[in-house]
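One structure is given here, and the rest of the page talks about it.
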Amino acid sequence: MIPMSDIFAARTQMAISLAFHIIFAVIGVALPPMMVLAEAMWLRTKDPVYLCLAKRWAKGTAILFAIGAVSGTVLSFEMGLLWPRFMGLAGAAIGMPFSLEGFAFFTEAIFLGIYLYGWRRASPAAHLFSGIVVAVSGLASAFFVCLVNGWMNTPTGFRLLNGQFVDINVWKALRNPAGTPEAIHMILASYCAAGFATAGIHALLALRSKPNQFHRRAIAIALALGGSAAVFQAVSGDALARVTAVNQPTKLAAMEGDFETRGGAPLRIGGIPDVQTRQTKGAIEIPYGLSILAFHSPKAVVAGLDQTPRSDWPNVLVVHVAFQIMVAIGSLLALIGLVSGWLVWKRRTAFTQSRVFLKVLVLCSPLGFIALEAGWVVTEAGRQPWIIYHIMKTSDAVTTMPGLPVTLILFTCLYLILSAVVIWLMSRHVIATPKDEEIQALAVGKGIVHA
Amino acid sequence: MHNPAVLLTLILMVSLTFYALFGGADYGGGVWDLLARGPRQQQQRELIANAIAPVWEANHVWLILVIVLLFAGFPPAFAAVSTALHIPLTAIIIGIVMRGSSFVFRAYHTADYRTQKRWGMIFAVASTITPICLGVIVGAISSGNIVVKQGISENGFLTPWLGLFPLMVGVFSLSLFVFLAAVYLTVESTDVQLQEDFRRRALVSGLLVALMALATFVSARTGAPDIYSGLLKPSIVWIVQGATAVFACTAFLCLLARKYKIARVAAMLQITFILWGWGMSQAPYLLQGDMTVNDAAASPAVLWTLIAAVGSGLVLLVPSLLYLLRLFKMGNEHLPLH
Ligand code: HDD
Ligand code: HEM
Ligand code: HEM
């Protein structure tokens, strides 16, 4: 076995667990509104294609939600298992959003049970309402957990006395500067990632089968959600960047690959930062861009990494590259969202049938998720070496339990296997063009089969 | 109730009780899946799966609530437990992941019976091991070996939990969950033969519970002396013990008399009193012998806001939960889920 320090193993295990959970969590946030929309369309138009769609998406949600729930449970334990000293110190300050999240999980799980298995038991209105509750609770749980993460980035609501938190005010901790902007950005990211992924999958199936209404409507709903989220995402990302500029200048400098402090800082696109020579090479520079974006003034001074001791730098290369990936994808998806929106507005909906457009959607389907993971790398790796920004170092938070590489390997294997099975199951049971008979059966009401 | 730490502890105990009553029974169902025998084993498995499917995710959230309230209200206790009991806690989360995922995988592998069976096997085995580990945690907390100073576990990472007593508590918990599940399943089944199958299983596991209770008690004498003497104190604890015995006998007799609905209530009360008996003999300690509820508690202001949050959460939770149970557990079992 390669020798590996416990702290490195712990960070890697945390990163893998989170990166795994987030995929399923995003689906728990974004698929329910889509299935509710499809069900509502069915109730209005009585077109069985919509019912079929609602059931398909519900089936997908059922599988993915369960994996989300168990991987989320792993995370709650891991916060203590890997970072007990962090939880011992900060548990009281961040317990509130976690507790509120707990109740959101309750309503989400309860009404998802009703939605999935209650087709015959609840009235149509009650059934639709259950779906709406699932969608709202998913949104709420994402909101609360981002408030926790925001607090790690911009801790507020306490005084530090001899290394202990005193006078903790949980409401002030909830209202930390980064929390709400992060939460909004994250929720939009969920819609964007899941919307484009779903649209892309249906586009792929549409390319393979003869023209059909099923995929056409699926793409319309998924793209409406994903495309509009992508457009707002750029706005929200800009707002978030400004919060970062004020509260975590070192992180912003790493995102931009800015080694020197200066007024009228340029915005860099691309490029590779080199910490040895303290230069970022190969980037396209837009003069004054960063100063304008971060502080709304071309002359504003933007702190570079030189303001921070070398030992407190995050991994600049990783943070910079991850940020470039997110922004590049964000701009592309927003463009697609805008163009599609404009075409729909002009009533030129024929484009949704064209093979070129379908192929573009297929190519875009993983991009939202890639941007999302990249964004989290920016946030989390950019905060290093701090677990609570400027309060506690990650290395001081890690458990004293030896042999962490073992659990790292264990969980990595576990997640790899689960991913393989989920992909296989989804491709067998959810990602398939329904047969005409299936839709016909739904039309005559025989098939209120559960999802 | 002017001490918020005590109030929050009671809330924690209530959540733990609900987890045992609902989530615990879901584990027990998994064990009966593993033990499905005889001509009706296929029907037994289906009954179990249909009973669990709509509710297990909601039932599971009680555990999350326990964890979250523990670290929000009693951070040092959470830190100490997660440090000293790293190994069994890791086993639990692996068990939870395997159980939940294999359960859905099985449900969607309907086309291929062999693969379905394989997932069923993983589901059943994970359902057996996880509750043992949960019990081991409870036993370890009671045995007074969890001493964590400056983030360092003074008894290492094995001694705090690797002993006869924690293991006994583990097996005892398993027997409780198994019993509870069998009792619930007598009510769930509409088929008389299936009902008889689970009635027999409930009676056998009921005896097992009694046996394990005795064995655990005896092993507490050396394994958790404080709990042992706590359980013998002639005080309120005796009332709790007495009530446990009464409900245990009621459950047993009702099973004999085929009064399944009453047996279900009695079994639930039995488990509740066992848990609260443990809680009372553990008081005032959160971690036996080392950290009391008040030692571990966050500041009163934090605790009161937490309690308020739980209160308002309950306003949402209670009606939702009742609606869920009304749809799936109140006498309309004949309606297909599919
Ligand atoms: C679909 C995914 C997605 C897309 C298209 C974008 N982002 Fe993003 N971004 C995320 C998904 C994401 C995220 C969900 O991964 C993060 C991590 C933490 C957070 O709250 O959101 C994030 C973090 C994040 C941060 C880090 C904040 C911090 O840690 O202090 C900034 C500055 C931006 N984003 C800015 C942008 C900009 C300017 C975008 C332009 C188009 C953009 N994001 C598109
Ligand atoms: C930004 C990151 C996160 C988001 C958006 C998010 C969102 C969600 C959502 C929507 C669910 C519902 C289940 C599902 O959809 O599959 C969920 C489940 C869960 N998450 Fe996360 N989560 C995030 C990070 C975390 C973290 C860091 C923790 C723990 C410390 C956590 C703990 C949990 C738990 C315990 C569950 C299970 C709830 C259940 O049983 O229903 N999550 N999460
Ligand atoms: C779900 C999306 C998330 C992803 C993909 C993610 C990713 C990561 C990564 C890559 C690391 C390792 C950083 C490094 O060592 O360089 C990390 C660490 C960590 N994250 Fe996140 N994160 C997410 C959300 C959250 C949230 C919502 C919380 C808080 C509730 C959180 C809490 C932590 C903690 C405690 C650590 C370990 C300490 C540290 O390295 O600073 N994460 N995460």
Side-chain angles (χ1 to χ4, degrees), chain A residues 59 62-63 65-67 69-74 76-81 84-85 87-92 94-96 98-103 105-107 109-114 116-118 120-122 133 166-171 399-402 407 410 414 418 421 425 429 449-450, chain B residues 53-55 57-58 60-61 63-65 67-69 71-76 78-83 86 89-90 92-94 96-101 103-105 107-109 111 151-153 157 298-299 301-302 305-306 309-310 313 316-317 320-321 323-324 327-328 332 335-338:
Chain A
K59 193 172 186 170
I63 301 175
F65 184 89
I67 310 293
V70 294
S71 60
T73 310
V74 169
S76 320
F77 280 84
E78 268 176 354
M79 297 292 276
L81 289 175
R85 288 183 277 182
M87 294 309 279
L89 184 71
I94 56 175
M96 189 55 152
F98 273 123
S99 309
L100 296 173
E101 196 196 16
F103 284 99
F105 289 152
F106 260 127
T107 45
I110 289 172
F111 286 95
L112 188 68
I114 295 172
L116 294 177
Y117 299 100
R120 283 172 192 273
R121 290 166 192 243
V133 177
V166 293
D167 297 338
I168 295 176
N169 180 330
V170 289
W171 300 117
T399 181
T400 49
M401 168 84 192
T407 54
L410 216 63
L414 190 64
L418 285 187
V421 179
L425 263 185
H429 291 272
V449 277
H450 100 104
Chain B
V55 293
E57 273 162 337
H60 176 74
V61 183
L63 176 65
I64 294 166
L65 197 64
I67 302 287
V68 169
L69 290 180
F71 72 60
F74 307 100
F78 181 73
V81 169
S82 331
T83 307
H86 191 107
L89 284 171
T90 303
I92 287 184
I93 50 180
I94 291 178
I96 287 176
V97 170
M98 298 302 280
R99 190 181 79 108
S101 47
F103 185 71
V104 282
F105 293 164
Y108 286 94
H109 263 294
I152 296 184
S153 173
F157 297 95
S299 70
V302 170
T305 36
L306 263 182
V310 172
L316 271 180
L317 173 62
S320 316
L321 210 54
Y323 183 51
L324 179 76
L327 283 186
F328 294 103
N332 47 6
L335 274 178
L337 293 175
H338 305 273

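So that the names make sense, note that chain A is the first sequence line, chain B the second, and so on, each numbered from 1. Note that these values count all heavy atoms, side chains included, but never hydrogens, waters or copies made by symmetry.
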Ranking B/Ile96, B/Leu317, B/Leu63, B/Val81 by heavy-atom pairs under 4.5 Å to chain A gives rank one to B/Leu317
Kindly compute the distance separating CE (A/Met87) from CZ (B/Phe78), expressed to the nearest 0.5 Å. 5.0 Å
Apply side-chain contact (heavy atoms from CB on, under 4.5 Å) to B/Leu306 and A/Ser99, showing your working. CA-CA 8 Å; B/Leu306 263 182; A/Ser99 309; 3.3 Å; yes
Can you name the nearest heavy-atom pair linking A/Pro84 to B/Thr83, along with the distance? CB-OG1, 3.4 Å
Taking every non-hydrogen atom, the tightest pair across A/Gly88 and B/Pro75: O-CB, 3.4 Å
Identify which part of B/Ile152 has an atom lying under 4.5 Å from any heavy atom of chain A, answering side chain, backbone, both or neither. both
Pair count under 4.5 Å, heavy atoms only, with chain B: among A/Ile94, A/Thr399, A/Ile114, highest is A/Ile114
Sort A/Leu410 into side chain, backbone, both or neither according to what part of it lies under 4.5 angstrom from a heavy atom of chain B. side chain
Identify which of A/Gly95, A/Pro402, A/Ala90, A/Gly91 forms the greatest number of heavy-atom pairs closer than 4.5 Å to chain B. A/Gly91
Correct closest heavy-atom pair for B/Ser101 and A/Ile67 would be CB-CD1, 3.6 Å
Euclidean distance, A/Ile110 CD1 relative to B/Leu327 CG, rounded to 0.5 Å: 11.5 Å
Could you tell me which residues satisfy side chain to side chain donor-acceptor pair (under 3.5 Å) with A/Thr107, sequence neighbours excluded, listed by chain and number? A/Ser137
Checking B/Val104 against A/Leu425 for the side-chain contact (heavy atoms from CB on, under 4.5 Å) test, could you report, in this order, the C-alpha distance in whole Å, the side-chain angles of both residues, the deciding distance, and whether it holds? CA-CA 10 Å; B/Val104 282; A/Leu425 263 185; over 6 Å; no
Sort A/Leu414 into side chain, backbone, both or neither according to what part of it lies under 4.5 angstrom from a heavy atom of chain B. side chain
Please assess A/Tyr117 against B/Val55 for the test side-chain contact (heavy atoms from CB on, under 4.5 Å), listing each intermediate value before the final yes or no. CA-CA 10 Å; A/Tyr117 299 100; B/Val55 293; over 6 Å; no
Approximate separation, where rounding is to 0.5 Å, of B/Thr90 OG1 and A/Glu78 CD: 8.0 Å
Shortest non-hydrogen contact from A/Met96 toward B/Thr305: CE-O, 3.5 Å
Please determine which of B/Leu316, B/Val61, B/Val310 meets the side chain to side chain contact (heavy atoms under 4.5 Å, CB included) test together with A/Phe103. B/Val310
Best-contacting candidate, B/Pro76, B/Ser299, B/Ala298, B/Ala58, against chain A by heavy atom pairs under 4.5 angstrom: B/Ala58
Quick check on A/Ile168 against chain B: is it the side chain, the backbone, both or neither that has a heavy atom closer than 4.5 Å? both
Shortest non-hydrogen pair, B/His86 vs A/Thr407, comes out as NE2-CG2, 4.4 Å
A/Phe111 vs B/Tyr323 aromatic rings, parallel, tilted or perpendicular, using cut-offs 30° and 60°? tilted
Can you measure from CZ (A/Phe105) to CG (B/Leu65) and round to the nearest 0.5 angstrom? 11.0 Å
Assess the side chains of A/Thr73 and B/His60: does a donor N or O sit below 3.5 Å from an acceptor N or O? yes
CE (A/Met401) with more than 12 external heavy atoms under 6.0 Å: yes
Any side-chain heavy atom of A/Thr400 sitting closer than 4.5 Å to one from B/Phe157? yes
What's the separation between atom CD1 in B/Ile64 and atom CZ in A/Phe77, rounded to the nearest 0.5 Å? 8.5 Å
